[in-house]
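In each ligand, atom 1 is the first atom listed, and ligand 1 is the first ligand listed.
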Amino acid sequence: MFDFSYSDDQLAVKKLVRKFVDKEIMPHIERWDIEQHFETSVLDRLAELGLMGVCIPEQYGGQGMDYNTLAIVCAELERGDTAFRTAVSVHTALNSMTLLQWGNGFQKEKYLKPQAQGTKVGAFGLTEPNAGSDVAAIEMRAVRDGDVYILNGGKTWISLCDIADHFLIFAKTAPDQGHRGISCFIVERDFPGVTTRGFKNKLGIRAGNTGEVFLEDVRVPAENRVGKEGEGFKIAMSALDNGRFSVAAGAVGLIDACIEASLKYAHERETFGQPIGKHQLVQQMIAKMVAGYETSRLLVYRVGWMKNRGIRNTRETSLAKWIACDAAFNAAADAVQIHGANGYSHEFPVERYMRNAKAPVIYEGTREIHQIMQAEYALGYRSDKKLRKNLPSWPFGEEIE
Ligand SMILES: CCCCCCCC(=O)SCCNC(=O)CCNC(=O)[C@H](O)C(C)(C)COP(=O)(O)OP(=O)(O)OC[C@H]1O[C@@H](n2cnc3c(N)ncnc32)[C@H](O)[C@@H]1OP(=O)(O)O
């Protein structure tokens, strides 16, 4: 049986986030984008609204809502700006949900709880200057020394680098063992030897905070290792199953924003004696946006449905992420086109949408990585086990045999 309707709770969350975005993000976002300013009070407000731990169980300080409610939050936030959806993706999907899945009792109590409540912020440190798509090529080292690991190396393109209280950092504990030699650690910003540096002058997501994290002889207690030694690659990949879901969900919101702006403009702007919406080539662009929106939404909600049931969803998540992010970029480019020269100016939001839409086609697995994965699944070179170990289903803790 399929149910395409929102529950009352989901509808209430959708309205809550929409109102928040309209009142507290929209009036300022153009300025924040121009000034390249990440407004941290938005995270405080998201915490007050209970949106920093949407699908983290209540026992760990979250709201205990289902995965598609997280998708709704991501879509509505990205309608405001990709920066804030990116923040929630990193904090909730990549960090908190990973701690929920792989963390032990101590780690959940000390790190997950305050993150889910929004009193602390989490980030995710995987990518390095020499290792993006090829995760197994990371060079950061973690060497055990009694009760601590000593970490050395640098991470790049880390969202919330200057904001986060904790990072999930992936490092090699056995450099000669390829992807099986990677381990995962919770690293606090306050640990001696941690420094960060946010980037300026990015193409898009200029209202966001992204940059580098450097670790120099950072002593990380062994109790902060997440999972077993050598499990880091799987932990990172399973985190990306959640992160990519949230990115795809956000892309739905970006397409929504593109359609909203384009319809308004198509009704108002006249050429050749009639609104441009009457011209068939403008209609074609709008039709493609609508198709991209509906297709992406269905792919995202299917993944949420699978996650709720604890069904392994790596293939479906990868597909949703690729299709939704491409659809969002195409929608944003067409939205600029519909606005003509006006679309090229700050006066209208669509140029920001187009700049923002490029990063999600690259981050959390480039379009090309996802295309390769889809082809490999189709050809039988790659397969997922039916169930992923430790995957919490919703209601949480009940796995399907
Ligand atoms: C403003 C701008 C902000 C920019 C922010 C940018 C930050 C980011 O983008 S975050 C990081 C993004 N990085 C990525 O998405 C990485 C992309 N790469 C990949 O997805 C992978 O490396 C990929 C698919 C190429 C891996 O392929 P490959 O090396 O063939 O590994 P693969 O054989 O599939 O898996 C290795 C093992 O992991 C396991 N595994 C793979 N996927 C998963 C999963 N989803 N869950 C659990 N286990 C998994 C496999 O079962 C296998 O296990 P075993 O060792 O027992 O055989």
**Message:** Any heavy atom of S159 closer to ligand 1 than 4.0 angstrom?
**Reply:**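 Contact present.
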**Message:** Less than 4.0 Å is my threshold; does some heavy atom of G208 fall inside it relative to ligand 1?
**Reply:**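 Judged by the 4.0 Å heavy-atom criterion, G208 does not count as contacting ligand 1.
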**Asked** Distance-only, no hydrogens or angles: does the R197 side chain make a donor-acceptor pair with backbone N or O of V213 under 3.5 Å?
**Response**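 No: the side chain of R197 does not pair with the backbone of V213.
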Identify which of [options] has a heavy atom lying nearest to [atom].
atom: atom 20 (O) of ligand 1; options: E364, H370, R244; value: R244
atom: atom 1 (C) of ligand 1; options: V135, T314, T210; value: T210
atom: atom 6 (C) of ligand 1; options: F233, Y381, Y363; value: Y363

Can an N or O of [X] be found at a distance shorter than 3.5 Å from an N or O of ligand 1?
X: F124; value: no
X: W157; value: no
X: D134; value: no

**Message:** Holding to side chain to side chain donor-acceptor pair (under 3.5 Å), I want the full list of residues that pass it with D44, two or more places apart in sequence or in another chain.
**Reply:**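 Side chain to side chain donor-acceptor pair (under 3.5 Å) list for D44, sorted by chain: empty.
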**Message:** Checking E364 now: which residues fulfil side chain to side chain donor-acceptor pair (under 3.5 Å) with it, not counting sequence neighbours?
**Reply:**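 Expected list: none.
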**Item:** Residue Y344 excluded, over 12 heavy atoms near OH under 6.0 Å
**Value:**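 It does not: Y344 OH has 12 such atoms or fewer within range.
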**Request:** Assess whether side chain to side chain donor-acceptor pair (under 3.5 Å) is satisfied between E39 and H37, documenting all intermediate values.
**Result:** CA-CA 6 Å; E39 180 58 39; H37 166 72; 2.6 Å; yes
**Request:** If the plane angle is over 60° it's perpendicular, under 30° parallel, otherwise tilted; pick one for F233 and H179.
**Result:**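 Plane angle between 30° and 60°, so tilted.
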